[in-house]
A.B. asks: 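Structure in structure tokens, see below.
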Amino acid sequence: MAPSPPARRPDALTLEVVELIGEVVARFHEDYEDAAAAYALTGAQARLLSLLSLEPLPMRKLANRLKCEPSNVTGIVDRLEARGLAERRPDPADRRVKLAAATEEGRRVAKGLREGLRFAREPLAGLTEEERGVLRGLLRRMVGPADADDRHPSDDGD
């Protein structure tokens with residue numbers, strides 16, 4: 001097997017873009033944690049509730065989307081369930097599988113979380129619809145092709 005070629009040093013523009021992406025991620029997480037705290041939720045609870053507000057999901061798929069162990073998801077769903085924000089129900093397609101779903105109150109809280117994200121909303125509002133479309137396309141290219149099962153419902157239309 002031939003040795004791999006030596007890695008090239010990133011150019012200045014690439015390094016600046018990487019730094020800016022890091023800053024965007026840090027600000028988004030900070031804003032998300034603040035929005036979650038306003039509802040006495042942890043960031044992980046808020047992220048899970050936001051996913052459930054879109055559609056009921058099996059625990060394993062939630063774990064994949066949150067990039068954590070299924071046992072962690074079980075604990076998060078337990079805590080959301082205790083607060084009346086989520087519930088477990090049988091999967092109509094396979095009654096052996098349990099789906100986690102947001103309750104009506106959970107969907108209301110998830111909507112409030114989305115509306116409370118200032119960082120994600122304010123800078124994007126300063127971009128035109130065309131600029132937001134270009135940004136979305138570039139971010140999708142960076143992320144790469146997604147597993148069809150993990151695509152968000154709003155991803156289907158461009």
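No hydrogens, no waters, no symmetry mates; every other heavy atom, side chains included, goes into these values.
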A.B. asks: Going by atom type alone, with no hydrogens or angles, which donor-acceptor pairs under 3.5 Å involve a side-chain atom of residues 90-97 and a protein atom two or more places apart or on another chain?
C.D. replies:
residue : atom : partner : partner atom : Å
D91     : OD1  : A93     : N            : 2.9
D94     : OD1  : R96     : N            : 3.1
D94     : OD1  : R96     : NE           : 2.9
D94     : OD1  : R96     : NH2          : 3.4
D94     : OD2  : R96     : NH2          : 2.9

A.B. asks: To the nearest 0.5 Å, what is the distance between CZ (R47) and CD (E33)?
C.D. replies: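 Interatomic distance, R47 CZ to E33 CD, rounded to 0.5 Å: 6.0 Å.
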A.B. asks: Measuring only between side-chain heavy atoms, which start at C-beta, is R132 closer than 4.5 Å to E129?
C.D. replies: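 Yes, close enough: below the 4.5 Å cut-off.
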A.B. asks: Between S50 (side chain only) and A46 (backbone N and O only), is there a donor and an acceptor less than 3.5 Å apart?
C.D. replies: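 Yes, the answer is positive, given that a donor and an acceptor are paired below the 3.5 Å cut-off.
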A.B. asks: What I want to find out is whether R83 reaches E81 closely enough, with some N-O distance under 4.0 Å, to be called a salt bridge.
C.D. replies: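 Salt bridge absent between R83 and E81.
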A.B. asks: Heavy atoms only: give me the nearest R114-S53 pair and the separation to one decimal.
C.D. replies: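 It is NH1-OG, 3.2 Å.
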A.B. asks: Does L135 reach the side chain of R140, with side-chain heavy atoms less than 4.5 Å apart?
C.D. replies: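 The answer is no; the side chains never approach within 4.5 Å.
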A.B. asks: Under 4.5 Å between any side-chain heavy atoms of V17 and I21, yes or no?
C.D. replies: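 Yes, side chains in contact.
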A.B. asks: Could you check whether any side-chain N or O of E131 sits under 3.5 Å from a backbone N or O of T128, counting only pairs where one atom can act as donor and the other as acceptor?
C.D. replies: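 Yes, because the side chain of E131 sits within donor-acceptor range (under 3.5 Å) of the backbone of T128.
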A.B. asks: Tell me the ring-ring contact (aromatic ring centres under 6.0 Å, His included) pairs involving residues 9-28, sequence neighbours left out?
C.D. replies: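 Listed once each, the pairs are F28-Y32.
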A.B. asks: Please collect all ring-ring contact (aromatic ring centres under 6.0 Å, His included) contacts where either partner lies in residues 79-106, sequence neighbours excluded, each pair once.
C.D. replies: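 Residue pairs passing ring-ring contact (aromatic ring centres under 6.0 Å, His included), neighbours aside: none found.
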A.B. asks: Check R108 with E105, please: is the shortest side-chain N to carboxylate O separation under 4.0 Å?
C.D. replies: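 A salt bridge is present here (some side-chain N lies under 4.0 Å from a carboxylate O).
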A.B. asks: Might you point out which heavy atoms bring A35 and L117 nearest each other, and give the distance in Å?
C.D. replies: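 Looking at all heavy atoms of both residues, the shortest contact is CB-CD2, 4.0 Å.
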A.B. asks: Using every non-hydrogen atom in the two residues, find where P56 and R89 come nearest and quote the distance to one decimal.
C.D. replies: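 Looks like CG-NH1, 3.7 Å.
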A.B. asks: Is any side-chain heavy atom of R88 less than 4.5 Å from a side-chain heavy atom of T74?
C.D. replies: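 Side chain of R88 against side chain of T74, heavy atoms only: contact under 4.5 Å found.
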A.B. asks: Would you find a donor on one side and an acceptor on the other, under 3.5 Å apart, between the side chain of R107 and the backbone of A102?
C.D. replies: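 Yes.
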A.B. asks: Other than V73, what residues sit in its cluster of Ile, Leu, Val, Met, Phe, Trp and Tyr side chains whose heavy atoms are under 4.5 Å apart, directly or through others?
C.D. replies: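 Under the 4.5 Å side-chain rule, V73 groups with Y39, L41, L48, L49, L51, L52, L57, M59, L62, L66, I76, V77, L80, L85, V109, L113.
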A.B. asks: For E122, does the CD atom have more than 12 heavy-atom neighbours from other residues, nucleotides or ligands under 6.0 Å away?
C.D. replies: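 Buried by this count: over 12 neighbours within 6.0 Å.
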A.B. asks: Assess the side chains of R79 and T42: does a donor N or O sit below 3.5 Å from an acceptor N or O?
C.D. replies: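 Result is no, nothing qualifies.
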A.B. asks: Hydrophobic cluster mates of L15, side-chain heavy atoms under 4.5 angstrom, ILVMFWY only, any path?
C.D. replies: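 Joined to L15, directly or through intermediates: none.
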A.B. asks: Under the rule for salt bridge (Lys or Arg N to Asp or Glu O under 4.0 Å), what residues qualify as partners of E115, not counting sequence neighbours?
C.D. replies: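 With neighbours one apart ignored, the set is K111.
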A.B. asks: Linking I/L/V/M/F/W/Y whenever any side-chain heavy atoms sit under 4.5 Å apart, do L127 and L138 land together?
C.D. replies: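 Looking at the clustering, L138 is in a separate group from L127.
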